[in-house]
Amino acid sequence: MKRTNNRKTILGSDVQTFRGYPVNSKKSGLYREQLEAIIGQLEACLAHHGRLLVVRFDLHSHGFNASDGNETISRFMKQVVQWIARHYQTANIGRAWVRERERAKHQHYHCALMIDGDKIRHPKKLLAAIKEKWEMQNPDHFMSDIRKPYHFADKHTGLDDSVHRLSYLAKARCKGYRPDQVKDYSTSRVKPP
């Protein structure tokens with residue numbers, strides 16, 4: 001483990017499990033605090049729902065720069081969660097996003113939603129609605145496609161696959177290109193029942 005100057009802990013690239021879950025270890029390592037927050041939300045959401053739909057998507061915009069805060073993504077994710085709650089009549093929706101920026105590229109966000117899998121059986125319409133809402137906000141916004149954007153977890157299969165997939169969000173590479181007071185990740189605060 002390595003402590004960084006922004007009070008975060010980087011787990012080395014040799015870490016294969018975290019809190020008993022397999023992780024997608026990266027060469028740059030994984031941020032411990034981000035992993036803990038994501039796992040906490042997965043566990044809380046699964047405690048509320050017998051079957052959990054975990055959806056991941058990436059949001060981009062050419063209009064962001066390193067000095068921008070995260071108001072756009074925070075507001076957008078809040079709108080999406082409220083829309084899902086109304087449209088699908090469900091509660092206890094988990095969410096997570098991380099902010100990344102390569103040195104020469106514009107910043108982007110990796111996002112995840114954790115939703116009652118009995119309310120949404122397939123996320124095709126959900127992903128289309130998210131894409132439409134994001135791209136309507138600004139002409140230079142776009143949502144990139146992910147090869148396997150969703151999966152299900154339940155109390156029998158557990159969260160191993162979910163944690164492994166979402167641990168990618170906690171990778172240390174591409175983070176830190178931001179002002180000190182701006183966060184590079186956020187999660188919901190769903191409490192276990």
Derivation and outcome, side chain to side chain contact (heavy atoms under 4.5 Å, CB included), residues L30 and V23 = CA-CA 9 Å; L30 301 170; V23 293; 3.9 Å; yes
Evaluate the side chain to side chain contact (heavy atoms under 4.5 Å, CB included) criterion for residues M77 and V81: first the C-alpha distance (whole Å), next the side-chain angles of each, then the deciding distance (0.1 Å), finally the verdict.
-> CA-CA 6 Å; M77 290 297 282; V81 167; 5.5 Å; no
Between N70 and S186, is a side chain to side chain contact (heavy atoms under 4.5 Å, CB included) present by the stated rule, with each step listed?
-> CA-CA 10 Å; N70 297 309; S186 178; over 6 Å; no
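Here the shortest heavy-atom pairing between A85 and I93 reads N-CD1, 3.7 Å. The heavy-atom pair separating A44 from P193 by the smallest distance is O-CD, 4.5 Å.
A side-chain donor-acceptor contact under 3.5 Å links T9 and E33. Of the N and O atoms on the side chains of S188 and Q41, at least one donor lies less than 3.5 Å from an acceptor on the other residue.
Checked against side chain to side chain contact (heavy atoms under 4.5 Å, CB included), H156 has the following partners two or more places apart in sequence or in another chain: D154. With sequence neighbours left out, the ring-ring contact (aromatic ring centres under 6.0 Å, His included) criterion links H110 to H108, Y168. Residues that satisfy the salt bridge (Lys or Arg N to Asp or Glu O under 4.0 Å) test with D118, not counting sequence neighbours, are absent from this structure. Partners of L46 under the side chain to side chain contact (heavy atoms under 4.5 Å, CB included) rule, at least two apart in sequence or in another chain, are L52, K155, L159. Applying the side chain to side chain contact (heavy atoms under 4.5 Å, CB included) test to H164 and every residue at least two apart in sequence or in another chain returns P22, N24.
Every pair tested for salt bridge (charged side-chain N to carboxylate O under 4.0 Å, His left out) that includes a residue from residues 78-93 fails, sequence neighbours excluded, so the list is empty.
Taking the six-membered ring where the residue is Trp, the centroids of H60 and Y109 are separated by 6.0 Å or more. Ring centroids of W97 and Y185 are separated by 6.0 Å or more, keeping the two rings apart.
With hydrogens and angles disregarded, no donor-acceptor distance shorter than 3.5 Å links the side chain of H49 to the backbone of R51.
Relative ring orientation between H87 and W83 is described as parallel, the plane-to-plane angle staying below 30° on a 0-90° scale split at 30° and 60°.
Comment: K125 does not engage E132 in a salt bridge, judged by the lack of any side-chain N to carboxylate O separation of less than 4.0 angstrom. A salt bridge links K171 with E100: at least one charged nitrogen is closer than 4.0 Å to a carboxylate oxygen. Comment: D58 engages R56 in a salt bridge, judged by a side-chain N to carboxylate O separation of less than 4.0 angstrom.
Within 6.0 Å of the CZ atom in R189, the count of heavy atoms belonging to other residues, nucleotides or ligands does not exceed 12.
Proximity of Y150 to V54: side-chain heavy atoms (C-beta onward) are nowhere separated by under 4.5 Å.
One finds the CD1 atom of I39 at 5.0 Å from the CZ atom of R19 (value rounded to the nearest 0.5 Å).
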